[in-house]
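Worksheet: the structure to be examined is printed underneath.
In the text below, chain A, chain B and the rest are named by the order of the sequence lines, each starting its count at 1.
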Amino acid sequence: MPELPEVDHIVRYVRPRLVGRRITTLETPGGLPRGHDAPGTSPLKLVRGRTIRAVDRRAKLILLRLDQRTLVLHLKLTGKCWIRDADSAPAKSTRLRLVLDDGQALDVEDARKLGWFRLLEDEPLVAMLEKNGPEPLDPAFTLAFFRGLIAKKRGRLKPLLLDPTFVAGIGNIYADEVLFAAKLHPRRLASTLAPREVGALHRAIVTSLKRAVADRTEEVPDQTRVGSGARGASKHIKTRQVFQRAGEPCPRCGETILRTVVATRGTYLCPRCQPAPGPA
DNA sequence: ACATGCACCTGGGAGC
DNA sequence: TGCTCCCAGGTGCATG
C-alpha cells in the first residue's frame, strides 16, 4: 500500500504510542507470510519483554528499535499498521499483533501477505539498509548529487523511479506524479534528458514527496480506500494530479489524462504536458 | 553491469 | 447471487 509519504505518516502515528512501551506478547492471529516461522520458534520470539526505544523510517521500512535489536517491517502493497485495544478482535488479515504493557497493541495487517517482518541485530540491519537508494528528502539529496546518480542511467524514467536502489521511497503513485510535475514522459530514456530536464526531475521528486508528507497531518493515517479494490482511492486522491484520474482533464492544460502500461505497471499521464519520445 | 519482466499472494470490483 | 476476469500503491531474482 504505502510509499514514502504514507510510511512516514504511519511512523508519526505509531511512534508516540510505542516509544517507551514494553512488548508483553506477540500474536499471529491471521497466519504469517510465507517464509516466516511460527513466533515460538523463530528469532521473533525474542521481541517479548523488550522495550521499544525508538521508531524510525528508512525507505519504505518501519524500524522498531528495541534493546540490542530492531524489528523491521515492510508493508509492501497492502500492509497497514493500527494501534488497537489489546482486547479487541484482530482483523482477519492481521499478521502480527504486538501487545504492549499499557493494554494497547500494534496490529500489522496485510491482506496479500507480500509484506514481511524481521528481527535484526545491528550488523545485518545496516547491511539491509545500505541496499536502499538515497533518501530523497535528506538535505544531501541535492541537484548536484542527483545529476551524478542519473548520469550513469540509460533506461526509461518510470522503471528507474520505481527502482528502490536508485532513489528510496518512490512507488507507482509518486512515480507518475513526479513525471507529471516534471513534464516528462514515463518512457523517456534517462540518457536523453537535457540538463534542465534533470533539474526539473530532481525538483519534482523533492517537492512532490515533501508536499505529500506535509499533507498528511491527521493524527491517524488514512490507510483505507474509499470505493476500494484496485481502483479505490484514499481521500488523498485530491492531492494527486494524474494518478488514477484517467478520463479527467489535466489540471494544467485540460487535455484528457490517459492510462497506459509502462514496464507492466499502470501509468497515468497527460499526453500534452508529457510528450512521448520518438520511436527510436 | 545494466535493463526488463515476471513471481510472489489475496481480495475487491466490474461485467455478465 | 455467483461466477470469471482484471486490477492492485513493492521488490527480488531470473533472464536477455
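- Taken to the nearest 0.5 Å, the CG atom of A:L161 stands 12.5 Å off from the CZ atom of A:R265.
- Residues that satisfy the side chain to side chain contact (heavy atoms under 4.5 Å, CB included) test with A:I23, not counting sequence neighbours, are A:V47, A:I52, A:L66, A:L98, A:L100.
- Taken to the nearest 0.5 Å, the CD atom of A:Q244 stands 6.5 Å off from the CD1 atom of A:I173.
- Nucleotide B:dA1 holds its P atom 18 Å from the CG atom of A:L149, rounded to whole Å.
- In the set B:dA3, B:dG11, C:dG10, the nucleotide with an atom closest to the side chain of A:K153 is B:dA3.
- A donor-acceptor contact under 3.5 Å is formed by the side chain of A:R112 with the base of C:dA8.
- We find that CD of A:Q244 is positioned 8 Å from P of C:dA8, with the value rounded to whole Å.
- A:K131 comes within 4.0 angstrom of no nucleic acid atom, judged by non-hydrogen atoms across all strands.
- Across A:G133 and A:A168, no two heavy atoms sit closer than the pair O-CB, 3.4 Å.
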Next item on the list: Carefully, step by step, assess A:R188 and A:E197 under the rule salt bridge (Lys or Arg N to Asp or Glu O under 4.0 Å).
Entry: CA-CA 11 Å; A:R188 283 287 300 279; A:E197 292 179 314; 2.9 Å; yes
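- Distance from the side chain of A:L114 is smallest for C:dG10 among the nucleotides C:dC7, C:dG9, C:dG10.
- Between the P atom of B:dA3 and the CZ atom of A:R187 lies a distance of 17 Å, rounded to the nearest Å.
- For A:K80 and C:dA8, the NZ to C1' distance is 11 Å, given to the nearest whole Å.
- Counting only heavy atoms from C-beta outward, the side chains of A:L184 and A:V178 never approach each other to under 4.5 Å.
- One can place CZ of A:R57 at 15 Å from C1' of C:dG10, the figure rounded to the nearest angstrom.
- For the pair A:E3 (side chain) and A:Y174 (backbone), a donor-acceptor distance under 3.5 Å is present.
- For A:K113, taking side-chain heavy atoms from C-beta onward, the closest of the listed nucleotides B:dT10, C:dG9, C:dC7 is B:dT10.
- In this model, the phosphate group of B:dT10 is not approached by any side-chain N or O of A:R95 to a distance below 4.0 Å at OP1 or OP2.
- Between A:G155 and A:T264, the one whose closest nucleotide on DNA chain B sits nearer the 5' end is A:G155.
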Notebook entry, point to check: What dot-bracket string describes DNA chain B from 5' to 3', counting Watson-Crick and G-U wobble pairs whose defining distances are under 3.5 Å, with [ ] for crossing pairs and | for pairs to another strand?
Noted result: .|||||||.|||||||
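- Contact between the side-chain N/O atoms of A:K152 and the OP1/OP2 oxygens of B:dA1 is not found at any separation under 4.0 Å.
- Here the options are A:L18, A:D101, A:D67, the test is side chain to side chain contact (heavy atoms under 4.5 Å, CB included), and the partner is A:T51; only A:D67 passes.
- Atom name P, nucleotides C:dC6 and B:dC6: the rounded distance is 15 Å, in whole Å.
- Taking SG from A:C270 and CG from A:L179, the interatomic distance works out to 13.0 Å, rounded to the nearest 0.5 Å.
- Between A:A190 and A:L160 the shortest heavy-atom distance is CB-CD2, 3.9 Å.
- Protein atom CG of A:L160 is 10 Å distant from nucleotide atom C1' of B:dA3, rounded to whole Å.
- Separating the CG atom of A:D110 from the P atom of C:dG10 is a distance of 13 Å, rounded to the nearest angstrom.
- Per the geometry, CZ belonging to A:F166 stands 16 Å off P belonging to C:dG10, to the nearest Å.
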Sub-3.5 Å pairs of nitrogen or oxygen atoms, protein against nucleotides 11-14 of chain C:
{"from": "C:dT11", "atom 1": "OP1", "to": "A:H74", "atom 2": "NE2", "distance (Å)": "2.8"}
{"from": "C:dT11", "atom 1": "OP2", "to": "A:K60", "atom 2": "NZ", "distance (Å)": "2.9"}

